[in-house]
Peer 1: 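Take a look at the following structure, please.
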There are 2 protein chains.
Amino acid sequence: MKINPNHLNLLAAIIDNGGLGEGAVALGKSQPSVSRTVSMLEARIGARLFEKGRKPVRPTELCQSLAAQGRIIAQATQTAEQTTDLYKGGRAGSARVAGTPIFMDGVISGMIASFQRSFPDVSIHQTYGYLADLREQLIAGTIDLGICPVRQDQVPDALSFKPLLPGRNVLACAPSHPLARKSALTLSEIAPYPWIAPPADSPLYEDLRDALSSIGISDFRVSFTGGSLASILSVLAGSQALTVLPYSVVFMQRHIRTVTSLPVRLEHPDRQLGLLWQSDRKHLPAIARFRKYIESEFDELSQQINVRGRDSIWRR
Amino acid sequence: MKINPNHLNLLAAIIDNGGLGEGAVALGKSQPSVSRTVSMLEARIGARLFEKGRKPVRPTELCQSLAAQGRIIAQATQTAEQTTDLYKGGRAGSARVAGTPIFMDGVISGMIASFQRSFPDVSIHQTYGYLADLREQLIAGTIDLGICPVRQDQVPDALSFKPLLPGRNVLACAPSHPLARKSALTLSEIAPYPWIAPPADSPLYEDLRDALSSIGISDFRVSFTGGSLASILSVLAGSQALTVLPYSVVFMQRHIRTVTSLPVRLEHPDRQLGLLWQSDRKHLPAIARFRKYIESEFDELSQQINVRGRDSIWRR
DNA sequence: CTTAAATCATACCATGATGTTATGAAAATA
DNA sequence: TATTTTCATAACATCATGGTATGATTTAAG
């Protein structure tokens, strides 16, 4: 006995609306149409679905059972319709994002959190990687977006790049650090403290060397090398070490006061934090929406940095 | 976005079988058919359902979500098909049965129990009533079957009657009763004990008078009048009262030893316990099956009564 | 009990979805 | 590169499904 889901749905509509006519209206069809469908069904099944000669039709027990399944079907198709609408509107789906650990943990993950408050049905898969790795994964299609500091002339072929923020680094230390209170610093004041370095394969490592040499420090003691922001911050908090961090990362931590910046102007690298994606690839709605969100968040972030930077942190 | 449940089902079939061709086979269709349906769906929805240019097709995230609903739909239609098969085979549905309380409780309910062991999806609705009431309800269609002792010439118009068992009554008492051990009884031995009578509107009440007068007792003391078998049996057990019960009822209790019959041959009424139903009404499969079951059970019962009656109970 | 209203069934026609076969294109595989 | 696998397209057939008009039957009202 092969049954069409639509027919079960139809039975449910008839019962729930109390008649062929009402059911037809609910289904957006004409009364004769559903009448004929019911007749056909009864013939096919070989059993009555509605009691004979009752004018507002009265469903058989079998019909009630079938209608119950019909309601399940109606429910399922409705959620299907809903999810396609969500999906097409970029309100459902998933995005796979990868980037450098420090930025992902320090800036992006917070934005992901607020993004998901607005779009709870979009799932974000976050992984870590540096430029070469990101490029490979973008080409292979295992990630949708990369977030990474890149020199404009280093953007790999076949990838598009959208700058989000200039790559500015700052000297950072724990808020409890002896230097944190001073309004100006000399080289000799900085010199005694040990340094925390990012992993050697990170672009930040190079930054650290360049930054320090730009202020005249060529020889420094590395007391800790860590791959993740969390490890750097916790070592920072428990020691008097200094490190170099992207200003945006330090800025994002401003409310929880785990790290602060020192009033030393470093030479900033000629890279820009930005988004990477495969050039010829049209993004799914959810990914496009996420990208837009990130871009707008960085827009806002850079404005805040400008405002705040003038009076409090960007001091010399 | 209006979606056809069949299409969701189709997506599920494609994914679960790993390709358009396999899916088509599983659905009993041709490959081009499902291919075109998928294309149409993608156009309608306005989003890809399978990644472009992958030769064993690979479903999109959206497609996976839709397929999940498709599986729900497939499940629902399958159970619908199953229930119609059960229903048509009389293995699902319900039957509304009414009858005289003593027979229903003493004989029929036990048969219902064993029936439902074989056909657990058939629900039986049991109510009580005497002939006039049963007739009314059968005509009105509020019950499907009646079970009642009826004189063949009293069968109401528009009803059919199928005899199950001759209406034989016996004197009954508790197994602990002083008379229960005796192999023969005289009128004077019976006379001292009080009597339990069925309710006055029951046909059994008339039987009681007739039966007792047939053995010469015209004046008797009624100590209890009860409507249900359970109440009669419990009073019987706690007293030295006697009563008149249908032999089949006493017989059905033979294993639990709550009641026994006395070796007195009563004049039996010219009625037959039998099934009643509306003549022109075609029964639903489940009802027909239940009726058949009851008939065969009574067949067996009357054979057992015959065998056992000869040597143990039908003594004079 | 008759009449009116409500509700469903049937007849007829139109069309769109769905199916089939034949065949071509593209990806995967050897 | 050649071959196989897998999917897409074209052309056609047909059946399910939809609509309108209208008749029949039950229910409700007078």
Side-chain angles (χ1 to χ4, degrees), chain A residues 1-45 47-60 63 67 70 73-74 77 139-141 280-281, chain B residues 1-45 47-60 63 67 70 73-74 77 139-141 280-281:
Chain A
M1 183 80 299
K2 200 63 194 165
I3 294 186
N4 185 334
N6 284 312
H7 294 163
L8 299 176
N9 190 7
L10 181 135
L11 293 181
I14 292 173
I15 292 178
D16 295 344
N17 293 280
L20 292 196
E22 339 276 285
V25 171
L27 292 166
K29 309 185 176 185
S30 68
Q31 173 265 317
S33 179
V34 317
S35 172
R36 185 158 42 80
T37 305
V38 168
S39 301
M40 274 196 26
L41 250 185
E42 287 186 331
R44 271 180 64 80
I45 287 179
R48 297 212 75 84
L49 290 171
F50 295 94
E51 293 175 18
K52 196 183 60 176
R54 279 291 164 69
K55 232 32 191 292
V57 288
R58 205 177 313 171
T60 302
C63 186
I73 289 170
T77 60
I139 301 291
D280 55 351
R281 178 157 189 151
Chain B
M1 184 81 297
K2 200 63 195 166
I3 295 185
N4 186 333
N6 284 312
H7 294 163
L8 299 176
N9 190 8
L10 180 136
L11 293 181
I14 293 172
I15 292 178
D16 295 344
N17 293 280
L20 292 195
E22 341 277 286
V25 171
L27 292 167
K29 310 186 174 183
S30 67
Q31 175 265 317
S33 179
V34 317
S35 172
R36 185 156 43 80
T37 303
V38 167
S39 301
M40 272 198 23
L41 250 185
E42 287 186 330
R44 272 180 62 81
I45 287 180
R48 298 213 74 85
L49 291 171
F50 295 95
E51 291 175 19
K52 195 184 62 178
R54 279 293 165 67
K55 230 39 193 283
V57 287
R58 205 179 311 172
T60 301
C63 186
I73 289 170
T77 60
I139 301 293
D280 55 351
R281 177 157 191 153

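The sequence lines fix the lettering, A, B, ..., with proteins before strands; numbering per chain opens at 1.
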Peer 1: For the pair made of NZ in B:Lys2 and C1' in D:dG18, what is the distance, rounded to whole Å?
Peer 2: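 About 16 Å, once rounded to whole Å.
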Peer 1: What is the distance, to the nearest angstrom, from the CD1 atom on B:Ile15 to the P atom on D:dC7?
Peer 2: 13 Å
Peer 1: Over how many whole Å does the gap from A:Lys29 atom NZ to D:dG18 atom C1' extend?
Peer 2: 8 Å
Peer 1: For the pair made of CG in A:Leu27 and P in D:dG18, what is the distance, rounded to whole Å?
Peer 2: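 My rounded result for the distance is 9 Å.
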Peer 1: Quick check: on DNA chain D, is the nucleotide nearest B:Ser33 upstream (toward 5') of the one nearest A:Ser30, or the reverse? Name the residue that is more 5'.
Peer 2: B:Ser33
Peer 1: Nearest whole angstrom, please: distance from the P of D:dC12 to the CZ of B:Arg36.
Peer 2: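 Value for this atom pair: 14 Å.
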Peer 1: Compare side-chain N and O positions of B:Ser35 against OP1 and OP2 of D:dA8 and report whether any pair is under 4.0 Å apart.
Peer 2: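 For D:dA8, OP1/OP2 do have a side-chain N/O of B:Ser35 under 4.0 Å.
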Peer 1: So, for A:Gly19 and A:Val57, which heavy atoms are closest and what is the spacing to 0.1 Å?
Peer 2: CA-CG2, 4.0 Å
Peer 1: Could you give the distance from CZ (B:Phe50) to CD1 (B:Ile14), rounded to the nearest 0.5 Å?
Peer 2: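 Nearest 0.5 Å value for the CZ-CD1 distance: 4.0 Å.
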Peer 1: Does B:Lys55 get its side chain close enough to the base of D:dT5, under 3.5 Å, for a donor-acceptor pair?
Peer 2: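 No pair found.
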Peer 1: Of all nucleotides in DNA chain C that come within under 4.0 Å of a heavy atom of chain B, which is furthest toward the 5' end and which toward the 3' end?
Peer 2: C:dT18 to C:dA28
Peer 1: For A:Gln31 and D:dT26, give me the distance from atom CD to atom P, rounded to whole Å.
Peer 2: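 For the pair A:Gln31 CD and D:dT26 P, the rounded distance is 16 Å.
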Peer 1: Looking only at heavy atoms, what is the nearest atom pair of B:Ala67 and B:Ala12, with distance?
Peer 2: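 Scanning both residues completely, I find the closest heavy atoms to be O-CB, 3.6 Å.
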Peer 1: Whole angstroms only, please: what is the CG-C1' distance between A:Asn9 and D:dT17?
Peer 2: 15 Å
Peer 1: Please figure out whether B:Val38 or A:Met40 has its closest DNA chain D nucleotide nearer the 5' end.
Peer 2: B:Val38
Peer 1: Is A:Arg36 close to A:Pro32 at the side-chain level, that is, under 4.5 Å between some pair of heavy atoms?
Peer 2: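 No, every pair of side-chain atoms sits at 4.5 Å or beyond.
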Peer 1: Kindly check if the number of other-residue, nucleotide or ligand heavy atoms within 6.0 Å of CZ (A:Arg48) is above 12?
Peer 2: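 Enclosed.
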Peer 1: Would you indicate what B:Arg54 reaches in the nucleic acid, counting non-hydrogen atoms under 4.0 angstrom: base, sugar-phosphate, or nothing?
Peer 2: sugar-phosphate
Peer 1: Please report the interatomic distance CG(A:Leu10) to CG(A:Leu41), rounded to the nearest 0.5 Å.
Peer 2: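 Those atoms lie 7.5 Å apart.
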Peer 1: On DNA chain C, does the nearest nucleotide to B:Thr37 precede the nearest nucleotide to B:Pro32 from the 5' side, or the other way round? Give the residue.
Peer 2: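 Result of the comparison: B:Thr37.
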Peer 1: Where do A:Arg281 and A:Gly141 come nearest, in terms of heavy atoms and distance?
Peer 2: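 Of all heavy-atom pairs spanning A:Arg281 and A:Gly141, the closest is NH1-CA, 4.2 Å.
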